[in-house]
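What follows is a single structure, written as structure tokens, with notes after it.
Both backbone and side-chain heavy atoms feed into the values below; hydrogens, waters and symmetry mates do not.
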Amino acid sequence: MRATPIKSETKTSANIKVSSGGISQPYQVIGIVIGFASTTDSCGSGVKVESTYQAALDRLVESAVGKGANGLLFVSFQNRTAVAQGCAGPSQAFEVFAWGTAVRLAPPKQVASSPLPNPASS
């Protein structure tokens with residue numbers, strides 16, 4: 001088994017910030033959340049690795065949003081293969097476990113801008 005990093009920082013369809021590390025924005029920790037997905041080789045079509053990772057991430061995000069989070073930090077993945085019963089006997093199963101820390105991000109600080117000087121008045 002191996003841990004697989006994701007992009008450093010991304011936004012998902014739930015509009016939640018997801019990071020494989022920490023971020024510089026202030027946040028409040030809600031707790032640890034997990035996601036799991038599995039797929040099997042359905043009668044010779046092969047396992048769908050990318051969609052299984054995405055399904056695990058989607059479940060992770062659902063869990064975080066359900067707890068009131070708008071951010072997920074230190075997200076990690078681990079996968080394994082197993083044997084499952086298929087249509088013609090044993091077949092390969094691909095499982096992905098995802099976990100991270102659900103957080104409530106503080107709103108970004110708004111920087112007050114000064115009006116630009118009018119060159120005509122100089």
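In this structure a side-chain-to-backbone donor-acceptor pair under 3.5 Å is missing from Asn70 to Ile16. Side-chain atoms of Thr52 come within 3.5 Å of backbone atoms of Lys48 as a donor-acceptor pair (strictly under, hydrogens ignored). A distance-only check finds a donor-acceptor pair linking the side chain of Gln25 to the backbone of Ala106 [under 3.5 Å]. Checked by atom type and distance alone, the side chain of Arg104 never pairs as donor or acceptor with a backbone atom of Gln28 at under 3.5 Å.
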I'd like to know whether Leu72 forms a side chain to side chain contact (heavy atoms under 4.5 Å, CB included) with Thr101, so could you lay out the CA-CA distance, the side-chain angles of the two residues, the decisive distance to 0.1 Å, and finally the verdict. CA-CA 5 Å; Leu72 266 169; Thr101 304; over 6 Å; no
Check the pair Phe97, Ile34 against side chain to side chain contact (heavy atoms under 4.5 Å, CB included), reporting the backbone distance first and the verdict last. CA-CA 7 Å; Phe97 302 88; Ile34 59 170; over 6 Å; no
Between Phe77 and Leu57, does the side chain to side chain contact (heavy atoms under 4.5 Å, CB included) criterion hold? Intermediate values first, please. CA-CA 9 Å; Phe77 293 93; Leu57 177 60; 4.1 Å; yes
Pair Lys67, Val33 - check side chain to side chain contact (heavy atoms under 4.5 Å, CB included), show working. CA-CA 9 Å; Lys67 291 184 175 196; Val33 290; 3.8 Å; yes
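Grouping the Ile, Leu, Val, Met, Phe, Trp and Tyr side chains by contacts below 4.5 angstrom, directly or via other members, places Leu60 with Val49. At a threshold of 4.5 Å between side-chain heavy atoms, the hydrophobic network of Ile, Leu, Val, Met, Phe, Trp and Tyr places Ile32 and Leu73 in two separate groups. Under the 4.5 Å side-chain heavy-atom criterion for ILVMFWY residues, no single connected hydrophobic cluster contains both Val103 and Ile30.
Considering every non-hydrogen atom in both Thr40 and Ala93, the closest pair reads CG2-CB, 3.8 Å. For the residue pair Ala37 and Arg59, the shortest heavy atom distance occurs at CB-NH1, 3.2 Å.
Interatomic distance, Phe74 CZ to Ser19 OG, rounded to the nearest 0.5 Å: 7.5 Å. Taking OG of Ser63 as the reference point, atom CG of Asp58 lies at 12.5 Å (rounded to 0.5 Å). Note that CH2 of Trp99 and CD of Gln78 are 4.5 Å apart. Values are rounded to the nearest 0.5 Å.
Under the 3.5 Å distance criterion, with hydrogens and angles disregarded, a donor-acceptor pair is assigned to the side chains of Tyr53 and Asn79.
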